[in-house]
Q: 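This is the structure I have questions about; it appears just below.
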Amino acid sequence: MSDEQEPGKDQKIWQVVAAIPPGKVASYGQVAEMAGLGRQARYIGRALGKLPRGHEIPWYRVIRSNGQIAFPQGSDIYHEQVSRLQAEGVEVVNGRVAMKQFRW
DNA sequence: AGGGTGACGTTCA
DNA sequence: TTGAACGCCACCC
């Protein structure tokens with residue numbers, strides 16, 4: 001058996017995202033490095049878009065490096081992310097997360 | 001095999 | 001501070 005398994009980058013990413021402690025947030029770039037993808041931050045969003053059904057991945061804890069939500073303001077998905085973040089105790093103002101929750 | 005794309009990031013104006 | 005343009009690089013068709 002050779003091909004043991006492709007760890008599947010997507011799954012690796014989900015694992016990293018799931019490792020984000022509640023009440024905190026991480027940027028795509030941070031997750032990318034933690035997952036070993038390096039600068040491939042864009043892939044993070046793509047992987048999150050491929051999340052399977054019934055997942056327990058806190059995708060909403062992943063935001064841009066500047067603290068902004070990765071979705072256009074006004075979108076349903078945007079409101080959902082903000083709502084979940086606030087539920088975790090994260091301050092979200094004008095689609096931006098307080099810098100405090102950044103340095104974790 | 002090639003080209004376009006993107007839940008990003010950084011720099012410039 | 002905000003907005004626009006460019007750069008990166010793997011994935012999909």
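A note on names: the letters A, B, ... follow the listed sequences, proteins ahead of strands, and every chain is numbered from 1.
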Q: Under a criterion of less than 4.0 angstrom to any heavy atom of chain A, what are the 5'-terminal and 3'-terminal contacting nucleotides of DNA chain B?
A: dT5(B) to dT10(B)
Q: What is the distance from atom OH of Tyr28(A) to atom CD of Gln40(A), rounded to the nearest 0.5 Å?
A: 13.5 Å
Q: When rounded to the nearest 0.5 angstrom, what is the spacing between CD1 in Ile57(A) and CG in Leu51(A)?
A: 6.0 Å
Q: Could you check whether atom CD of Gln86(A) has more than 12 heavy atoms from other residues, nucleotides or ligands sitting under 6.0 Å from it?
A: yes
Q: Nearest nucleotide by nearest heavy atom, which residue falls closer to the 5' end of DNA chain C, Arg46(A) or Arg42(A)?
A: Arg42(A)
Q: Rounded to the nearest 0.5 Å, how far apart are CD of Gln81(A) and CG of Asp76(A)?
A: 13.0 Å
Q: Using a heavy-atom cut-off of under 4.0 Å over every strand shown, decide if Gly49(A) touches base, sugar-phosphate, or nothing.
A: base
Q: Taking CD from Glu33(A) and P from dC8(C), how many angstroms apart are they, rounded to a whole number?
A: 16 Å
Q: What is the distance, to the nearest angstrom, from the CG atom on Asn94(A) to the P atom on dT1(C)?
A: 13 Å
Q: Hey, are Arg84(A) and Glu80(A) close enough for a salt bridge, meaning a charged N less than 4.0 Å from a carboxylate O?
A: yes
Q: Taking only side-chain N and O atoms of Arg96(A), does any of them lie within less than 4.0 angstrom of OP1 or OP2 on dT2(C)?
A: yes
Q: What is the separation between atom CD on Gln40(A) and atom P on dG7(C), rounded to the nearest whole Å?
A: 17 Å
Q: Find the distance Asn66(A):CG to dT1(C):C1' and express it as a whole number of Å.
A: 12 Å
Q: When we call it a touch if two heavy atoms are under 4.0 Å apart, what does Tyr28(A) touch: a base, just sugar-phosphate, or nothing?
A: base
Q: I need the Arg64(A) CZ to Arg96(A) CZ distance, nearest 0.5 Å.
A: 13.0 Å
Q: Applying a 4.0 Å non-hydrogen cut-off, can you work out what Arg64(A) is touching in the nucleic acid: base, sugar-phosphate, or nothing?
A: sugar-phosphate
Q: 5'-most contact on DNA chain C: Lys50(A) or Arg39(A), nearest heavy atom basis?
A: Arg39(A)
